Amino acid sequence: MSKYVQVIMNFAKTEEIDRLFTYSIPIHLVSKVEIGQRVRVPFGQGNRTQVAFVIHFLDELPQENYRIKPILELFDEVPLLNVEQVNLARFLVNYYGCTFAMALELILPPGMAKTPYRPLPQTETYICRNISHDALEQHIAKESAKKSFDKQRAILTLFLIEEAIPLSELKRSQEVSGSSLNTLIKKEILRKEERLVTFKPSPIHYQAFKTLNDEQRAARDKIYEAIENPYYQGLLLEGITGSGKTEVFLSAICKVLEEGGSAIVLIPEIALTRQTLMRFRERFGNVVALTHSRMGPGERQRLYQEAKEGNIRVMIGPRSAVFMPMERLRLIVIDEEHEATYKSETTPKYHATDVARRRMMESGGSLILASATPSLESYEQMKSGALALVPLTKRIGGATLPDIQIVDMRRELQNGNMQIISSALHEAIDRTLQAGNQVMLLMNRRGHSTFVNCRNCGYAVKCKHCDIAMTYHRQSGYLECHYCGHKEVIPTTCPSCGSAHIRFFGSGTEKVEEYLEAYFAAFGIGRMDFDTTSGKEGHSKMLAAFQNHEFNVLVGTQMIAKGHDFPDVTLVGIIAADQALYMQDFRSEERTYQLITQTLGRAGRGEKKGEVIIQTYSPDNMVLEKIKYHQQQDFYEEQLKMRKLLGYPPYSHLFSLVVSGKNETEVIQKVHTLKYYYEYYNKKGLFRIVGPAAATISKIADEYRWQLLLMGEEREKVLIYGKYCLNKFINRENTGTIKINWDIDPRSMF
Ligand code: ADP
Ligand code: ZN
Ligand code: ZN
């Protein structure tokens, strides 16, 4: 038995106390303390009692002359964290350079830190019938004449149907009066009893599974092999849209459950969580649970506990579900793995795929990354052998990929069409709707007009607080800033020259909607973007209405790219394919490719042939060409070549720094000083330092933003170097009023 433990303070918010502290274990606690449990310890000079996590056991003290204080008592009845989670916290500390306390905060559901952790209650109080059924009937008949018996009768009739009812259930019922219940217990007609509650997992519902086609079966067999293997294996399930990927990983999960394991399925936040849940429940019943960010802390804590105790065996959720303390976790599936939502935007800025891989490596499980358009990172790993490729190349039911037509919008202008919808797309919409089919249109910007400016002097209305054009919103009637939320009334004259020639340019979803209403209102128009999906189920409701043909044209932002099948959607239009193509981000081509490919995958998924029209001002762009001819592999290969040439990820690791503050001069001066530190410690030239430069959006909410970028080949070195120089800078320089935000492996360059 170990005599000492090393702990992390529960409250360790600052880096100074975010380290292991050693305590001795008093004799009476020796056999009781476990890893992941919390204990009370005396801390600091005043010996104030603090709660701390047990991280590590020690047999001997590292330094003899050190005065060691004993643990005072246990805080949790059973460990709050299992050993795997403690190791996961260590990983997060090392991999993301965060504090231990931050890592623990990430792993635990909100609010869990305050209360002691107890096992789920094993028994429940039941109220039982204490006399025979017949005797009870007679009793009711005898007493019924009395008026005072009404309340008692309401209770007793329940016990004619059931012999025992949980007390909690009776308490919830409005007809049950507490005092009458007590009277009946006193009269010994009913009695209280503590009963053992055992969770009964639903059996797997095999009839609900689809019969897989040959290709799916081959994919499934490959995954089965990985699951049977006791070592870690990563798989890339790369299947074109509508090829039945979900069915394949559903059968993989089935196998995991049959073998007594559990699984986590990550989905992008925006996806149709309800539909996904139903699809899983149909097959696996009550062992499936869904977690999401809109859930209250109580519900999240209960899920945590049910998962930890092995009642929940399939957890579905957004990126934070990757931390769930599943019992015998054997499989993690990341659906639509290329989605940006898998990277956290708050410190520690973890990527769910990294965490998932780590967990599966630790437990010898399998990781499935599923997508029709993998991230370049995953594609590269597949090429290097770190991920095994599991391909699906055919659509279910023999559905074919849609025909793609590219429309040159420059020509459209030459022909005198100033509208945002080309004549080809207009005709196709008309034809599709007349035939009783449905249309989806992608416009990846919300609002009506994306900039407003003066025809006379060129003045553009920018946000007062940000370096970004204001967007006109028809719905609200205001100009809105998409970065800080600032609103303004529309100027009637130019604030700069007084001219009345204020004009609106650029387009968003509202403008497309306006166009559609002018021509196709009779068919019903729906718009899906951030502004129309705010409610709890806003997103699902809209899609359900679309599926029921309550409207037949759906225009929306990237939200429409995902979701369940709409067999009647035969036309998909991409209104402005160039939108994201020329952004200052080396991933903009990859992103555009993924978004367009995913969206056009919505067309013709049923028995009807699909059709796609892509509108662009640069029809010769390589990205669109590869999309048109379905040359995915070519596209990825070319992107990789380019990344390699430029030394970008996945061939390097980035450490990005954003220096921000209200005083522009100070920000610029400090970011340059910061750069000196990086140069000074880069004598061997292992790292590339890019910048400093004003960030793409150089001011947000009155704060100026400058960026510095470090690149290197080895991740660990990049992280150490990035943090080391930053700490030197912070310790030696007067940082004034600036803030510094850093990120390792950023997925976005803003
Ligand atoms: P993906 O995830 O690749 O987009 P899904 O797994 O959602 O594809 O499948 C697309 C549609 O095809 C779903 O409606 C699904 O129920 C159906 N499907 C998938 N596999 C089969 C199969 N083997 N037999 C019949 N229908 C299937
Ligand atoms: Zn003007
Ligand atoms: Zn703003």
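Note that this is a predicted model, so its numbers are computed, not measured. Every number for a ligand or one of its atoms is a count from 1 in the order of the listing.
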Are any of the side-chain nitrogens in [X] or [Y] under 4.0 Å away from the carboxylate oxygens of its partner?
{"X": "Lys383", "Y": "Glu637", "result": "yes"}
{"X": "Lys464", "Y": "Glu488", "result": "yes"}
{"X": "Lys699", "Y": "Glu703", "result": "no"}
{"X": "Glu377", "Y": "Arg587", "result": "yes"}
{"X": "Asp467", "Y": "Arg705", "result": "no"}
{"X": "Glu215", "Y": "Arg395", "result": "no"}
{"X": "Lys245", "Y": "Glu336", "result": "no"}

Taking distance alone, with no angle check, do Thr241 and ligand 1 share an N/O pair under 3.5 Å? no

Provide the number and element of each atom of ligand 1 under 4.0 Å from a heavy atom of [X].
{"X": "Gly242", "result": "3 (O), 4 (O)"}
{"X": "Thr211", "result": "22 (C), 23 (N), 24 (N)"}
{"X": "Asn213", "result": "23 (N)"}

Can you tell which part of Val248 has a heavy atom less than 4.0 Å from ligand 1: side chain, backbone, both or neither?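 None of Val248 does.
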
Location of contacts on Arg279 toward ligand 1, heavy atoms closer than 4.0 Å: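 Side chain only.
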
If you have a sec, work out which protein heavy atom is nearest [atom] and how many Å separate them, to one decimal?
{"atom": "atom 19 (C) of ligand 1", "answer": "Glu247 CG, 3.2 Å"}
{"atom": "atom 20 (N) of ligand 1", "answer": "Gln216 NE2, 2.9 Å"}
{"atom": "atom 10 (C) of ligand 1", "answer": "Asp565 OD2, 3.6 Å"}
{"atom": "atom 2 (O) of ligand 1", "answer": "Thr246 OG1, 2.8 Å"}
{"atom": "atom 4 (O) of ligand 1", "answer": "Arg605 NH2, 3.2 Å"}
{"atom": "atom 9 (O) of ligand 1", "answer": "Gly244 CA, 3.6 Å"}
{"atom": "atom 21 (C) of ligand 1", "answer": "Ile396 CD1, 3.6 Å"}

Any chance CZ of Phe530 has more than 12 other-residue heavy atoms, nucleotides or ligands included, within less than 6.0 Å? no

So that I can check it, does any N, O or S atom in Cys484 come closer than 2.8 Å to the Zn ion (ligand 3)? yes

Of all the atoms in Cys466, is at least one N, O or S atom closer to the Zn ion (ligand 3) than 2.8 Å? yes

Where does the angle between the aromatic ring planes of His465 and His486 fall among parallel (under 30°), tilted (30 to 60°) and perpendicular (over 60°)? perpendicular

Tyr379 vs Tyr636 aromatic rings, parallel, tilted or perpendicular, using cut-offs 30° and 60°? tilted

Check contact between Ser243 and ligand 1, using heavy atoms of the residue and a distance below 4.0 angstrom. yes

Out of Lys245, Arg217, Lys210, indicate the one that has the non-hydrogen atom closest to atom 1 (P) of ligand 1.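 Among Lys245, Arg217, Lys210, the closest heavy atom to atom 1 (P) of ligand 1 belongs to Lys245.
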
Test the Arg602-Phe566 pair against the cation-pi criterion, namely NZ or CZ under 6.0 angstrom from the six-membered ring centroid and within 45° of the ring axis. no

Metal-centred angle, SG of Cys481 through the Zn ion (ligand 3) to SG of Cys463, rounded to 10 degrees: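 My answer is 110°, to the nearest 10°.
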
When you draw lines from the Zn ion (ligand 2) to SG of Cys497 and to SG of Cys454, what angle lies between them, to the nearest 10°? 110°

Just checking: Cys457, one of its N/O/S atoms, less than 2.8 Å away from the Zn ion (ligand 2), yes or no?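 Yes, within the cut-off.
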
Between the main-chain N or O of Thr532 and the side-chain N or O of Asp529, is there a donor-acceptor pair closer than 3.5 Å? yes

